[in-house]
Amino acid sequence: MVDVEKYHGTGNDFVVVDADEDVPNRRAFAVELCDREHGIDHPASERRGADGVLFLALEPAYNPPRIVMTLVQPDGSVAGMCGNGARCAAKWAAERTGADEVMIDTPSGTRHADVDGDDVTIEMGAPVFDPEGVPVDRDEPLVEETVEGLTVTAVNTGVPHAVAFVEEVDAVDLESVAPPVRHADVFPDGANVTLASPTPEGGFRQRTFERGVEGETRSCGTGAVAVAAVAHRLGRIEAGATVTVSPPGGDLRVTVEEGNSYLEGPVVFEFAAEVPTVETDPEPVDASGD
Ligand SMILES: N[C@H](CCC[C@H](N)C(=O)O)C(=O)O
């Protein structure tokens, strides 16, 4: 049996597992527990399943404490970064160490997090528009160009996002519009597809179809940062501005400044449970999740 906990950040929900737990096959474990029909369930949780499993290795000897974070997604792919997942990881570490600052090692880099009660702010690094940094299969940055019928800008905020500014995010049939963009040839590693529309208060509504989930999530942290980064690139907001970005699951606060960005929002602990480990291998998925 494996001890697990469930957290969510504005509805982007994750099973959290201490990396010391005995999980021989992480992909099989994640595919099984994340399934929205048959996955992990609990009376304290609004929804069965999860948007991913965070395997966390805590190194308390460091000051501030360090976590090595690995996100395995519902399709079995491993993601380079996860803004909401990192915020949940920081809260998990704060509960264990009493620290209010945590350093999180991710495949996309080491990120500093501040924990203030249930509110967690994570450093997200500098958004990248350069072709090789996103990546996009061309020589020039992809800014406001039509890809598979959607006018998008490509940016890497730890993972690749194709961001489209639209009139009203709720007016878009994301489940049909997003997959051709998510798998477009111009994105060799695939891309998350994020919609944004301005709010009267100067913020943005957000919806994201997530690579590796292969569906819309209630929130996406790297997507929220991507909205603010592209808004800045397109002159919709000033450099250094802090904007409210609102996915369906709640409100996030994003600051994009020269050379760095920050994501702030609530984290909720849902439950702790024991689950059986999983041995059998799921269907293979190719490296980019394509
Ligand atoms: N699905 C993303 C990773 C998780 C991103 C999202 N959950 C977040 O909060 O940033 C990808 O494979 O690129």
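Just so you know, ligand 1 is whichever comes first in the structure, and atom 1 is the first atom listed for that ligand.
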Just wondering, are more than 12 heavy atoms of other shown residues or ligands nearer than 6.0 Å to CD in Glu140? no

Heavy atom of Gly212 under 4.0 Å from ligand 1? no

Other residues, nucleotides, ligands: >12 heavy atoms within 6.0 Å of Phe271 CZ: yes

Nearest protein heavy atom with distance in Å, relative to atom 5 (C) of ligand 1: Glu210 OE1, 3.4 Å

Going by side-chain contact (heavy atoms from CB on, under 4.5 Å), Val245 matches just one of Asp251, Thr199, Val254, Thr10. Which one? Val254

Could you say whether the N/O atoms of Gly83 and ligand 1 ever approach to under 3.5 Å? yes

Would you mind running through ligand 1 and noting each atom that sits below 4.0 Å from a heavy atom of Met81? 3 (C), 4 (C)

Among all protein heavy atoms in this structure, tell me which lies nearest to atom 12 (O) of ligand 1, with the distance rounded to 0.1 Å. Gln73 NE2, 2.7 Å

Mode of Asn12 contact toward ligand 1 - side chain, backbone, both, neither (heavy atoms, under 4.0 Å): side chain

At what distance is the nearest protein heavy atom to atom 9 (O) of ligand 1, and which residue and atom is it? Gly221 N, 2.8 Å

re atom 13 (O) of ligand 1, the protein heavy-atom contact at minimum distance is Asn192 ND2, 2.7 Å

With distance as the sole criterion, is a donor-acceptor pair present between the side chains of Thr208 and Gln206 under 3.5 Å? yes

Ignoring hydrogens and angles, tell me if any N or O in the side chain of Lys91 forms a donor-acceptor pair with the backbone of Gly117 under 3.5 Å. yes

Check: Ser219 N/O within less than 3.5 Å of ligand 1 N/O: no

Going by side-chain contact (heavy atoms from CB on, under 4.5 Å), Asn84 matches just one of Leu252, Val267, Asp51. Which one? Leu252

Interfacing atoms of ligand 1 (cut-off 4.0 Å, heavy-atom, Ala79): 3 (C), 12 (O)

Test: Arg182 cationic atom under 6.0 Å from Phe209 six-membered ring centre, within 45° of axis: no

